[in-house]
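Here is the structure we will look at, set down as structure tokens.
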2 protein chains.
Amino acid sequence: MIILDAAHPSGPAEQIRAQITALIQSGELAADARLPPVRQLAGDLRVAAGTVAKAYKELESTGLVRTGRANGTRVNPGLVLDTLALKDVQRVVTAARKAGLSLEDVQGIIAVSWNA
Amino acid sequence: MIILDAAHPSGPAEQIRAQITALIQSGELAADARLPPVRQLAGDLRVAAGTVAKAYKELESTGLVRTGRANGTRVNPGLVLDTLALKDVQRVVTAARKAGLSLEDVQGIIAVSWNA
DNA sequence: TTGCTTGTATTGGTTTATTGATACAAGAGG
DNA sequence: CCTCTTGTATCAATAAACCAATACAAGCAA
């Protein structure tokens, strides 16, 4: 389920992209699962079809999703978690929760450390 | 250091807000530290002063920052990851780099672990 | 093949964000 | 007191995002 917030600092397309990303990464949208057609999702969210298409295209450019034509847009298989020290990851997540941070906050912190 | 990406789906104001948020929560901007004046940061980023002011105002509305007038805009104490967790963050980033992962990959793994 | 669905692209009009400039009041410092 | 800095507010003009409608080609199914 995707919900658009008019008061959100980001626009509709970015909100759709971010929420679908979260649905995929949380496993709620499994690999090979099919996203709703652009027209359908656009109708549900009271948004133009081009706006949903824009979000889908960005999802594809980041590799989260692939798209045939009449085949629709489908979820790509996920990342291999074994490549990382999962214990450290879990420690970070636990500490962040304790500090009252959101997922987006933690991802921002990762980005800061990444570019440091 | 704040960097604006013209290709980013979000606009300048939102990018500034998100990056300063991350800098604060990662401890790189300590409590009571002073943010650059709106005109200065605007000049550095080649952006209008009102755009930076808009970002500052949203930061204040979320409580991350306080603002006097000529006192400037300063970081509020509180929402920071503890030093231990920050070390874990660095370990994760280092391991990810070694494994050849991208920043987006790591952020995705964080998201998966977050919803696990 | 035919028919239908889907993603993509285009067009024109509307809305929102950003710009650049200006002005103002609160506070700091001399 | 005065001066300077800072955040805030406003304005008209430009840029970007979004909308609504349409058309098209790729692929699936019958």
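- If you check every strand for non-hydrogen atoms under 4.0 Å, B/E60 touches sugar and phosphate atoms only.
- When the P atom of C/dT16 is taken as reference, atom CG of A/D5 falls 15 Å away, rounded to whole Å.
- Using a 4.5 Å heavy-atom cutoff, the side chains of A/W114 and B/R97 are in contact.
- Looking at heavy-atom distances under 4.0 Å, A/A13 makes contact with sugar-phosphate atoms alone, never a base.
- Side-chain atoms of B/P12 lie closest to C/dT18 of the nucleotides C/dT8, D/dG7, C/dT18.
- A straight line from NZ of A/K54 to C1' of C/dT8 spans 15 Å, rounded to a whole angstrom.
- If you check D/dC19, C/dG7, C/dT19 against the side chain of A/T51, the one that comes closest is D/dC19.
- The stretch residues 63-78 of chain B touches DNA chain D through B/T67, B/G68, B/R69, B/A70, B/G72, B/T73, each having a heavy atom within less than 4.0 Å of the strand.
- Atom CD in A/Q40 sits roughly 14 Å away from atom C1' in C/dG7 (whole-Å rounding).
- For the pair B/L41 CG and C/dT19 P, the interatomic distance rounds to 12 Å; values are reported in whole Å.
- Between the CE atom in B/M1 and the CD atom in B/E28 there is a gap of 11.5 Å [rounded to 0.5 Å].
- The separation between B/K57 atom NZ and C/dA17 atom C1' is 15 Å, rounded to whole Å.
- Closest-nucleotide positions on DNA chain C for B/G50 and A/L35 were compared, and the one nearer the 5' end corresponds to A/L35.
- What separates CG of B/L45 from P of C/dT18 is a distance of 13 Å, to the nearest Å.
- Atom NE2 of B/H8 is separated from atom P of D/dA17 by 12 Å (rounded to the nearest Å).
- Using a 4.5 Å heavy-atom threshold, the side chains of B/V93 and B/V106 count as separate.
- Salt-bridge check for A/R39 with A/D44: failed, with every basic side-chain N at 4.0 Å or more from each acidic carboxylate O.
- Shown here are the side chain to side chain donor-acceptor pair (under 3.5 Å) partners of B/N115, two or more places apart in sequence or in another chain: there are none.
- Using a cutoff of 4.0 Å between basic side-chain nitrogens and carboxylate oxygens, B/R91 and A/D88 are scored as salt-bridged.
- Spacing between atom CD of A/E14 and atom C1' of C/dA17 amounts to 15 Å, rounded to whole angstrom units.
- Counting heavy atoms from C-beta on, the side chains of B/L45 and B/T51 never come closer than 4.5 Å.
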